[in-house]
Asker: 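A single structure is presented below for examination.
Sequence positions, counted from 1, serve as the residue numbers for this chain. Below, all heavy atoms of this structure are taken into account, side chains as well, without hydrogens, waters or symmetry copies.
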Amino acid sequence: GYRVSLQGNFFGHNHTYTAFPEYNPRKHIKLDPPLNIQTNATASKCQIWWSVWNVPWYLTEILQYELQYKEHSMSWEVAWNKTLPSSLPQVEIEATELRSGIAYAARVRCKVSENENSYHSQWSEWSQTTMLQRADVPEVSEKILNTKTMQYLFIPLSFGTLLYLFWNCKLSSRRQKALPALTFPHQLLSFSHSIVCTMGILR
């Protein structure tokens, strides 16, 4: 540890003021803000990642980050805050958390995790802002999908229609052939009755 004192001349007299009788640099860390923040938005998720600068390697694994985002037209006082559970410099936001067609501004800050006992820090300043917007499925894709669906349905429907017409035509032709066969016994009975009558007259 260190002892931090301030010394100065006030009204012609030298004075010494002890600011920190036992100052431990590990307990008074303030990191530089994250930089190079970038985004990538899809229809389901919005990915945000960044990098840290001038941070010792033994601190990078015990950092925690806080994400803040808002609608671009709103103030930061009404922004949403997320304290990220991982020390990785990245986060994913579900697209359902963002309104469709609205541009958002996002920024990040960092500090040593509160679960760490060996080091302690305050939050860094906020990073520069980045813009993100939910990516919606284009209407053209929906039209293409509907067209393909109609194409897939057209083939079986056409085949079924042709099959139906074929069977109807076949049944109609069978009925037409069956009509003479149905009337033949009646004609035969009439012919037999005529023969019987003729034979009776001859007798």
Side-chain angles (χ1 to χ4, degrees), residues 1-139 141:
Y2 299 87
R3 180 179 180 178
V4 179
S5 300
L6 301 177
Q7 188 174 13
N9 191 321
F10 300 95
F11 304 103
H13 299 281
N14 291 330
H15 293 276
T16 300
Y17 170 71
T18 303
F20 298 97
E22 294 183 3
Y23 179 80
N24 188 347
R26 290 187 174 191
K27 303 295 184 178
H28 300 83
I29 299 173
K30 184 173 183 180
L31 302 171
D32 292 326
L35 69 164
N36 297 329
I37 182 169
Q38 302 178 57
T39 62
N40 180 41
T42 65
S44 59
K45 293 182 179 181
C46 294
Q47 298 175 323
I48 306 174
W49 66 96
W50 56 88
S51 58
V52 291
W53 179 79
N54 201 23
V55 178
W57 62 269
Y58 50 85
L59 292 181
T60 55
E61 296 182 356
I62 58 174
L63 292 181
Q64 73 177 88
Y65 298 95
E66 184 178 23
L67 171 70
Q68 191 176 57
Y69 63 99
K70 68 177 183 70
E71 294 184 15
H72 185 260
S73 59
M74 301 176 68
S75 64
W76 287 108
E77 283 73 16
V78 293
W80 292 275
N81 290 64
K82 284 181 177 289
T83 300
L84 310 183
S86 173
S87 61
L88 296 175
Q90 61 185 31
V91 65
E92 285 186 351
I93 301 176
E94 295 294 332
T96 53
E97 298 183 34
L98 306 178
R99 295 172 57 192
S100 177
I102 301 297
Y104 288 79
R107 60 185 184 179
V108 185
R109 63 179 179 176
C110 63
K111 73 172 184 177
V112 175
S113 173
E114 295 179 354
N115 298 325
E116 181 61 36
N117 296 323
S118 301
Y119 301 91
H120 181 76
S121 74
Q122 57 181 306
W123 283 110
S124 70
E125 300 297 329
W126 288 104
S127 69
Q128 293 184 346
T129 60
T130 185
M131 303 302 298
L132 67 150
Q133 185 171 346
R134 174 180 173 181
D136 293 328
V137 178
E139 297 181 358
S141 300

Asker: With side-chain contact (heavy atoms from CB on, under 4.5 Å) as the test, would you mind laying out the steps for Y69 and I48 before giving the verdict?
Answerer: CA-CA 11 Å; Y69 63 99; I48 306 174; over 6 Å; no
Asker: Does any part of the side chain of T129, heavy atoms only, come nearer than 4.5 Å to the side chain of W76, both counted from C-beta?
Answerer: yes
Asker: Going from CG on L6 to NE2 on H15, what distance comes out if it is rounded to the nearest 0.5 angstrom?
Answerer: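 Result: 13.5 Å between the selected atoms.
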Asker: Give, for atom CG of L67 and atom SG of C110, the distance between the pair rounded to the nearest 0.5 Å.
Answerer: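 So the CG of L67 and the SG of C110 are separated by 13.0 Å.
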Asker: Which heavy-atom pair separates P34 from S127 by the least distance, and what is that distance?
Answerer: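 Closest approach of P34 to S127, heavy atoms only: O-CB, 3.0 Å.
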Asker: Between A41 and Q133, which heavy-atom pair has the shortest distance, and what is it?
Answerer: CB-O, 3.0 Å
Asker: For the NE2 atom on H72, are there more than 12 heavy atoms of other groups (residues, nucleotides or ligands in this structure) within a distance under 6.0 Å?
Answerer: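 Counting other residues, nucleotides and ligands, NE2 of H72 stays at 12 neighbours or fewer.
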Asker: What heavy-atom pair brings L84 and Q90 nearest, and what distance separates the two atoms?
Answerer: CD1-O, 4.1 Å
Asker: Quick check against the 3.5 Å criterion: does T39 have a side-chain atom that pairs as donor or acceptor with the backbone of M131?
Answerer: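 Yes: the side chain of T39 pairs with the backbone of M131.
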Asker: Using only atom types and a distance under 3.5 Å, with no angle test, would you say the side chain of S51 pairs donor to acceptor with the backbone of N36?
Answerer: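 Between the backbone of N36 and the side chain of S51 there is no qualifying donor-acceptor contact (under 3.5 Å).
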Asker: Could you name each residue pair satisfying salt bridge (Lys or Arg N to Asp or Glu O under 4.0 Å) that touches residues 75-89, not counting sequence neighbours?
Answerer: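 Pairs touching residues 75-89 that pass the test: K82-E97.
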Asker: Taking it one step at a time, do Y65 and L88 satisfy side-chain contact (heavy atoms from CB on, under 4.5 Å)?
Answerer: CA-CA 9 Å; Y65 298 95; L88 296 175; over 6 Å; no
Asker: Are any non-hydrogen side-chain atoms of L31 and V52 less than 4.5 angstrom apart?
Answerer: no
Asker: Please list all pairs meeting salt bridge (Lys or Arg N to Asp or Glu O under 4.0 Å) that have one or both residues in residues 35-44, counting only residues at least two apart or in different chains.
Answerer: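 Every pair satisfying salt bridge (Lys or Arg N to Asp or Glu O under 4.0 Å) with a residue in residues 35-44: there are none.
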Asker: Checking E114 now: which residues fulfil side chain to side chain contact (heavy atoms under 4.5 Å, CB included) with it, not counting sequence neighbours?
Answerer: Q64, K111
Asker: If I compare all heavy atoms of A95 with all of T42, which pair ends up nearest, and what's the gap?
Answerer: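 Looking at all heavy atoms of both residues, the shortest contact is CB-O, 4.5 Å.
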Asker: First locate atom CD of E94, then atom SG of C46, and finally report the distance between them rounded to the nearest 0.5 Å.
Answerer: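 That separation rounds to 9.0 Å.
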Asker: Mind running side-chain contact (heavy atoms from CB on, under 4.5 Å) on W50 and T130 for me, showing each step along the way?
Answerer: CA-CA 10 Å; W50 56 88; T130 185; over 6 Å; no
Asker: Listing request: all ring pair (Phe, Tyr, Trp, His ring centres under 6.0 Å) pairs with a residue in residues 82-123, at least two apart in sequence or in separate chains.
Answerer: Y58-Y119
Asker: Any pair with a residue in residues 23-33 that passes salt bridge (Lys or Arg N to Asp or Glu O under 4.0 Å), sequence neighbours left out, goes on the list, sorted by first then second residue, please.
Answerer: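 Of all non-adjacent pairs touching residues 23-33, those that pass salt bridge (Lys or Arg N to Asp or Glu O under 4.0 Å) are K30-E125.
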Asker: S5 and T16: which non-hydrogen atoms are nearest, and at how many Å?
Answerer: CB-CG2, 4.1 Å
Asker: How far apart are the closest heavy atoms of I29 and S121, and which atoms are they?
Answerer: O-CB, 2.8 Å
Asker: Once rounded to the nearest 0.5 Å, what's the spacing between atom CG of L59 and atom OG of S118?
Answerer: 10.5 Å
Asker: Pairs in or reaching into residues 37-66: which pass salt bridge (Lys or Arg N to Asp or Glu O under 4.0 Å), with residues at least two apart or in two chains?
Answerer: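 Listed once each, the pairs are K45-E92, E66-R109.
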